[in-house]
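Each remark here refers to the structure printed beneath this line.
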Amino acid sequence: MKCDDIKALYDDFKTELLGSEELSAVNKHIGSCNDCNNYYLENNKLSKLLDNWEEIEPQNNYVSKFWNKIDETELNSNKGVLGFFKGIKTAFVVPSLAVALFCSLLIVNMYRTSTTSPTSDEDARDNIFLLEINDIISVEGYESLKIYGLWYDLEEEPKEG
Amino acid sequence: MESDIDLILRVKSGDDSAFSEILKRYYNKILNYVYRYTNNRETSEDLTQEIFMRVHRSVKNYRPEAKFSTWLYKIATNLCLTEVATRAKKYASSLDEVQQNVGSLEDEKSVDQLHVRYRSEIKKMIFDAMNTLSEKERSAIMLCKYEQLSYDEVAQTLDCTVGAVKTYVYRGRMKLIDKLKPYLAEVEIDEM
């Protein structure tokens with residue numbers, strides 16, 4: 001094997017992943033090659049030096065602190081107008097929208113009925129006819145309507161027999 | 001012990017206790033991984049909390065094609081690389097941290113002060129030497145050396161090929177040897 005091949009095997013050598021043949025080839029090579037021997041030596045020293053970077057311990061309450069942060073984030077995301085809409089349950093959205101739509105249509109329809117004038121000639125004729133009847137009733141007055149039996153005076157109640 | 005995948009499935013179904021288990025399993029590892037980017041305890045705690053909040057938010061997107069730990073380290077690496085530079089400025093410098101650590105150790109335990117100072121100095125030198133590496137070299141070395149990830153897992157974490165990881169590790173190691181030469185001379189090794 002060449003020097004580059006031997007250097008490329010350093011990690012496997014270090015982690016004891018080399019097969020017996022490769023291991024003996026590496027050992028034989030670094031025993032006779034100063035450059036590769038130096039490379040392996042310096043890498044071993046570096047690895048040992050890097051072990052000096054000691055670990056730190058987490059705070060005792062890191063789990064509860066995490067859940068508190070989650071609660072805090074959810075609380076903040078539910079504030080404001082967007083939060084209000086986010087908070088509405090999906091199950092209520094469709095019926096609410098349906099009721100709102102129905103009410104809107106009803107109001108629009110009532111408004112249109114109250115403001116629109118007759119649209120056809122027939123409607124116009126009906127209107128005139130109704131106004132004429134109204135005038136006739138006013139002219140005939142109370143007396144003329146007595147024949148229908150509904151507009152009699154209380155004093156002139158028909159006697160029995 | 002319940003597998004990571006099983007825990008994640010429980011988390012997906014709304015079981016918060018499963019996520020607490022994930023925290024217990026990985027918090028310390030991620031904290032120390034982040035700490036090696038920042039060399040500041042407070043920043044590391046904040047970033048680690050942020051990493052797990054991101055994991056919690058996006059756990060529904062996790063597909064068990066990759067190992068959970070690889071996915072977790074990927075999120076951690078991305079966050080560290082993008083935020084450490086800006087966030088580190090808000091906190092005390094790494095030198096302050098080293099001095100704080102020395103102080104607390106000296107107060108709490110009666111250990112050899114010179115030894116503690118030496119170790120703190122070494123730690124600072126390693127941190128500074130790591131800072132001279134490229135992002136990929138630094139991450140590759142940290143993941144291989146300290147997190148014991150395989151080349152394949154590191155490749156998945158860094159979104160590159162195994163060959164590229166080997167190159168990053170090799171180049172990074174050469175740079176570290178060069179930067180830390182004075183300290184390497186003092187290191188004693190038993191046998192190769």
Side-chain angles (χ1 to χ4, degrees), chain A residues 3-18 23-24 26-77, chain B residues 16 19-21 23-24 27-36 39 41 44-46 48-50 52-53 56-57 101 118-127 129-130 141-142 144-146 148 150-151 166 169-170 173-174 176-181 183-192:
Chain A
C3 289
D4 285 345
D5 300 326
I6 296 293
K7 286 176 184 174
L9 288 174
Y10 172 76
D11 278 313
D12 289 343
F13 174 83
K14 179 79 182 155
T15 48
E16 297 174 357
L17 288 173
L18 291 181
L23 183 63
S24 69
V26 168
N27 279 327
K28 193 178 169 186
H29 185 97
I30 59 176
S32 59
C33 175
N34 271 344
D35 185 41
C36 288
N37 190 37
N38 235 3
Y39 177 83
Y40 270 60
L41 192 69
E42 285 196 320
N43 272 292
N44 278 351
K45 284 184 175 181
L46 177 68
S47 182
K48 200 170 178 184
L49 186 72
L50 294 182
D51 287 338
N52 280 303
W53 204 346
E54 291 165 340
E55 293 196 343
I56 54 170
E57 288 296 318
Q59 292 169 347
N60 290 332
N61 59 343
Y62 68 89
V63 176
S64 57
K65 196 177 163 190
F66 172 80
W67 288 115
N68 287 342
K69 274 197 170 186
I70 290 283
D71 290 343
E72 204 176 293
T73 311
E74 282 176 2
L75 200 69
N76 286 337
S77 70
Chain B
D16 284 347
F19 200 83
S20 293
E21 186 59 36
L23 280 173
K24 285 173 193 164
Y27 194 92
N28 197 17
K29 283 182 180 181
I30 296 298
L31 175 69
N32 278 287
Y33 180 60
V34 174
Y35 182 60
R36 293 195 166 95
N39 204 29
R41 178 184 284 272
S44 305
E45 289 276 0
D46 287 348
T48 306
Q49 290 275 337
E50 177 61 29
F52 278 99
M53 283 178 78
H56 186 258
R57 270 202 301 270
N101 285 351
Y118 174 75
R119 288 183 81 91
S120 298
E121 191 187 332
I122 292 282
K123 197 173 96 172
K124 176 74 170 60
M125 288 310 295
I126 295 171
F127 179 70
M130 286 281 188
I141 285 191
M142 286 194 193
C144 284
K145 166 69 186 162
Y146 294 111
Q148 312 281 311
S150 68
Y151 281 148
K166 286 182 178 177
V169 171
Y170 175 78
R173 223 187 253 148
M174 288 297 101
L176 287 179
I177 287 174
D178 187 48
K179 296 277 174 196
L180 298 168
K181 216 154 206 144
Y183 294 92
L184 290 178
E186 296 170 30
V187 178
E188 290 174 6
I189 324 184
D190 308 329
E191 267 184 37
M192 260 198 292

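Residue numbering restarts at 1 for every chain, and letters A, B, ... go by the order of the sequence lines. Any value given below was found using the heavy atoms of this structure, including those in side chains, with hydrogens, waters and symmetry copies removed.
Contacts between Lys65(A) and chain B at a heavy-atom distance below 4.5 Å involve backbone atoms as well as side-chain atoms. Both the backbone and the side chain of Leu184(B) come within less than 4.5 Å of a heavy atom in chain A.
Most heavy-atom pairs under 4.5 Å with chain A: of the set Lys24(B), His56(B), Arg36(B), this distinction falls to Arg36(B). The candidate from Leu180(B), Leu23(B), Val169(B), Asn32(B) with the greatest count of non-hydrogen atom pairs under 4.5 Å with chain A is Asn32(B). Each of Tyr151(B), Tyr170(B), Tyr146(B) has some count of heavy-atom pairs under 4.5 Å with chain A, and the biggest count is that of Tyr146(B).
Across Leu46(A) and Ile177(B), no two heavy atoms sit closer than the pair CD2-CG1, 3.9 Å. Closest non-hydrogen pair, Pro58(A) versus Leu31(B), comes out as CA-CD2, 3.5 Å. Contact detail for Leu50(A) and Lys145(B): the closest heavy-atom pair is CB-CE, 3.8 Å.
The SG atom of Cys144(B) sits 6.5 Å away from atom CG of Asp11(A), with the distance rounded to the nearest 0.5 Å. Tyr39(A) contributes atom OH, which lies 4.5 Å from atom CE of Met174(B) (distance to the nearest 0.5 angstrom). To the nearest 0.5 Å, the span separating CG on Leu49(A) from CE on Met125(B) amounts to 9.5 Å. A distance of 15.5 Å separates OH in Tyr183(B) from NZ in Lys45(A), rounded to the nearest 0.5 Å.
In this structure, Tyr27(B) has its ring center no closer than 6.0 Å to that of Phe66(A).
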